[in-house]
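Data first, discussion second: the structure below is written as structure tokens.
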There are 2 protein chains.
Amino acid sequence: MVSLGLVTPQQMHFSEPLPLKCGAVLADYQLTCETYGALNATRSNAVLVCHALNASHHVAGVDAQGQRGWWDNLVGPGKPLDTERFFVIGVNNPGSCFGSTGPMHVNAASGRVWGADFPVVTVEDWVDAQVRLVQRLGITQLAAVLGGSLGGMQALDWTLRHPEKLRHCIAVATAPNLSAQNIAFNEVARRAIVTDPDFHGGHFYEHGVVPKRGLRVARMIGHITYLAEDAMDAKFGRALRAAELAYSTQEIEFQIESYLRHQGDKFSEYFDANTYLLITRALDYFDPASAHGGDLARAFAAARTNRFLLVSFTTDWRFSPARSREIVKALVDNRIGVSYAEIAAPHGHDAFLLEDPRYHGVMRAYFERIAAEVQG
Amino acid sequence: MVSLGLVTPQQMHFSEPLPLKCGAVLADYQLTCETYGALNATRSNAVLVCHALNASHHVAGVDAQGQRGWWDNLVGPGKPLDTERFFVIGVNNPGSCFGSTGPMHVNAASGRVWGADFPVVTVEDWVDAQVRLVQRLGITQLAAVLGGSLGGMQALDWTLRHPEKLRHCIAVATAPNLSAQNIAFNEVARRAIVTDPDFHGGHFYEHGVVPKRGLRVARMIGHITYLAEDAMDAKFGRALRAAELAYSTQEIEFQIESYLRHQGDKFSEYFDANTYLLITRALDYFDPASAHGGDLARAFAAARTNRFLLVSFTTDWRFSPARSREIVKALVDNRIGVSYAEIAAPHGHDAFLLEDPRYHGVMRAYFERIAAEVQG
């Protein structure tokens, strides 16, 4: 397989105001995106890839900083989502911190950095912004929208509110809404950030500081929920960092502590605290069944013309297979075509980002089916 | 059932130095304890109750502050651990913050409050202190040592190092050691406390402050792990606090957030930050198999003369039934008498503190068996 090689992001400016679910309006905004492969003559081979919490438009290839895309093992020439056959679009969502309009940018109306005043964005708002981007690219109907975790929620929302604008929805390791426990973990992470004295009510930029302590703790909590307990035991177990115990409450004793601290430190260097708050809130709010008295099947009645692939992983305790099965059931209740794969993978929620032959085999087969449709 | 009514703690001073596993020595120390019921003529009916992370010597009855003991539903006249038949001892462990010598006390050697300089204590150190307390009370052999969670680890350690000093070990919702995930949750909680600027390297007492932000986050994380995901969904689900969403990243939207913040706030008002670090570390370190090449059965060979009751709860994902079964297997491998009950209870790890007819039925039956033995 050939790699995509160097990829370059594009900035797209949108001057038409974007009304948000919270009631606020983004007067104008920019979206950072990357595209791979070529749009065919009938403009029928485009696939939109939606990102999750801490990812971005940089899905595949290598950027100018030498960073490989977050789903580079899946997307590229000859890969399951084959850029020789598909035109692939990666876009950074508004409110994120990788180029699209977000809390670290200046609010033109006030002349001040948005910070905590950036309006609360939802999965639906992101999809609305993505719809405009796709339109700008001259695409009437996407071959597919694809996403994992929070990205999967965006893919699902496309089918609920814009079913005519896509053929297939591919939602991996996702859920129809967050459980109380999911919300609880998000809330602890947010409290760690908000109560960090360097947060300054979300206007830390003006103080020249970053709430790194809170971000570190938030990321450590996140990491625990991304990994399966058995995989953690297999990888770290009770292995010590040194030959002897130090008998200290603050020094690192166990390898797992070292790993988590390292992940927390790295994250606090590059991720924006306000973005963390916004994106975890978007996760909390997503709940398409709520407008239908909690009946998910009624919510999916809108998606009758779409076809679905759902994938879950057996050891994912964040968005367990049972959550994907709820979606499958709602689709089946509507007699909507759905393929479902439950992959026996040891890596927990993180599995959706990893290369697994069965998982990638399922993805490849499904995209081959789409390719046959859109080229036929 | 009659309640124990008002109970009064006693202070016991020990002037013989206590050597600790970390290499340090507690030159002298005091233990706070409570006892309920009466010691019989042959001094054979004493039961020691060991506490877990945030509990104390105050096991049953009502103290001068009107607080009911943490295991009052289990211990009292006519209750499963019947104080009309047994002499029950509750003791606060050194390093804790409820009266026994701990980090908020003055280190006589330096004239300064111990703070973060309090030596790291282990399950084994606590048991050594308990052994001396029991000796002081004139008891040669306990009828039983009983504990849940971290308290269960202490009960197990009694059988490993002092098997002749007890007849029965009753260990509820416990584990033979922490998994990597267990350690990970402890580590995040510790980092939240240690990186709170009000922690001041563990000497916050001198600054007249308390690292409440860190304690709150630590407690919120703990609470998530004590509750079963399904029970959280049943109790809180996605219920909102107000009729309408506020669309805010910092305001409370969901009931589960309100609950967790309340738990965190309450805890930060009464619990000592250094104690939290010490006790989570004691949990991390406990690993009786480690001295036997990881072979738990070899560790329990020492406990041949003891009899065991192990209890676990189906929805406990912190110390799951599988962890109790590891202990049962090690005992069976040694042909040691063990009763094991796996209780189908919805409340997760917290179940060990709650009243459940099947659970309390098992406990009552086992204590009746012990009562028959020690009175026979």
Side-chain angles (χ1 to χ4, degrees), chain A residues 20-24 116 119-120 122 177-181 183-185 187-188 190-192 194-197 201-202 213-214 216-217 220-221 223-224 227 229 232-233 235-239 245 247-250 252-257 259-261 264 274 277-278 280-281 284-285 287 290 317, chain B residues 20-24 116 119-120 122 177-181 183-185 187-188 190-192 194-197 201-202 213-214 216-217 220-221 223-224 227 229 232-233 235-239 245 247-250 252-257 259-261 264 274 277-278 280-281 284-285 287 290 317:
Chain A
L20 304 173
K21 209 173 170 185
C22 67
V120 167
T122 62
N177 62 24
L178 295 199
S179 69
Q181 189 189 74
I183 296 172
F185 279 120
E187 172 68 0
V188 183
R190 281 191 296 264
R191 294 316 290 168
V194 165
T195 63
D196 183 331
R213 303 178 198 92
R216 277 192 214 112
V217 167
M220 290 169 84
I221 294 168
H223 253 279
I224 299 176
L227 299 176
E229 176 157 28
M232 253 178 151
D233 273 334
K235 188 168 176 187
F236 302 103
R238 298 181 50 82
L245 286 173
Y247 288 105
S248 161
T249 59
Q250 298 186 41
I252 290 173
E253 294 274 36
F254 298 93
Q255 293 289 7
I256 180 66
E257 298 176 318
Y259 171 79
L260 282 180
R261 288 200 200 180
N274 284 306
L277 303 182
L278 289 168
T280 54
R281 255 317 185 211
D284 292 354
Y285 287 138
D287 189 12
S290 66
W317 60 281
Chain B
L20 304 173
K21 209 173 171 187
C22 68
V120 166
T122 62
N177 62 24
L178 294 199
S179 69
Q181 189 189 73
I183 297 172
F185 278 120
E187 172 67 0
V188 183
R190 281 191 295 264
R191 294 317 289 169
V194 165
T195 63
D196 182 332
R213 304 178 198 89
R216 278 191 214 114
V217 166
M220 291 169 84
I221 295 168
H223 252 280
I224 299 175
L227 300 176
E229 176 158 28
M232 254 180 152
D233 273 334
K235 188 168 176 187
F236 302 103
R238 297 181 49 84
L245 287 173
Y247 289 106
S248 161
T249 58
Q250 298 186 41
I252 290 172
E253 294 274 34
F254 297 92
Q255 293 289 6
I256 180 66
E257 298 176 318
Y259 171 79
L260 283 179
R261 288 200 200 179
N274 284 307
L277 303 182
L278 288 168
T280 54
R281 254 319 185 211
D284 292 354
Y285 287 137
D287 189 12
S290 67
W317 61 280

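Naming: A, B, ... by sequence-line order, numbering from 1 per chain. The structure presented is a predicted model; accordingly, all values stated were derived computationally and were not measured.
- Using bins of under 30°, 30° to 60° and over 60° for the plane-to-plane angle, the ring pair B:F185/A:F185 lands in the parallel bin.
- With a 4.5 Å cut-off on non-hydrogen atoms, A:A116 touches chain B through its side chain but not through its backbone.
- Of all the listed residues (A:M232, A:E229, A:Q250), the one sharing the greatest number of non-hydrogen pairs under 4.5 Å with chain B is A:E229.
- For the atom pair CG of A:L245 and CG of B:D284, the computed distance is 10.0 Å after rounding to the nearest 0.5 Å.
- Among all heavy-atom pairs drawn from B:F236 and A:A180, the shortest one is CB-CB, 4.4 Å.
- For A:E253, the parts sitting under 4.5 Å from any heavy atom of chain B are the backbone and the side chain alike.
- For B:Y259, no part lies near chain A; criterion is any non-hydrogen pair under 4.5 Å.
- When each of A:I224, A:V194, A:L277 is checked for heavy-atom pairs under 4.5 Å with chain B, A:I224 comes out on top.
- Of the inter-residue distances, the one linking A:R238 atom CZ with B:I183 atom CD1 reads 4.5 Å to the nearest 0.5 angstrom.
- Of the atoms belonging to A:L278, heavy atoms from both backbone and side chain fall under 4.5 Å from chain B.
- Looking at every heavy atom in both residues, B:Y285 comes nearest to A:Y247 through OH-CA, 3.1 Å.
- Judged purely by atom type and a 3.5 angstrom limit, B:R281 uses its side chain to pair as donor or acceptor with the backbone of A:S248.
- Contact tally against chain B (heavy-atom pairs below 4.5 Å) for A:N274, A:L260, A:D287, A:L20: the top residue is A:D287.
- Between A:R213 and B:T195 the shortest heavy-atom distance is CD-O, 2.7 Å.
- In this structure, A:V188 and B:V217 approach most closely via the heavy-atom pair CG1-CG1, 3.8 Å.
- Proximity to chain B is absent for every atom of A:K235, based on heavy atoms less than 4.5 angstrom apart.
- When B:D196, B:N177, B:I252 are compared by the number of non-hydrogen pairs under 4.5 Å with chain A, B:N177 comes out ahead.
- Across A:H223, A:K21, A:R216, the residue that shares the most heavy-atom pairs under 4.5 angstrom with chain B is A:K21.
- Ranking A:T280, A:L227, A:I221 against chain B, the residue ahead of the rest is A:I221, based on heavy-atom pairs under 4.5 Å.
- Counting only heavy atoms from C-beta outward, the side chains of A:E257 and B:R191 never approach each other to under 4.5 Å.
- Taking CD1 from B:I256 and CD from A:Q181, the interatomic distance works out to 9.0 Å, rounded to the nearest 0.5 Å.
- Of the listed residues (A:G237, A:G214, A:S179), the one with the most heavy-atom contacts under 4.5 Å to chain B is A:S179.
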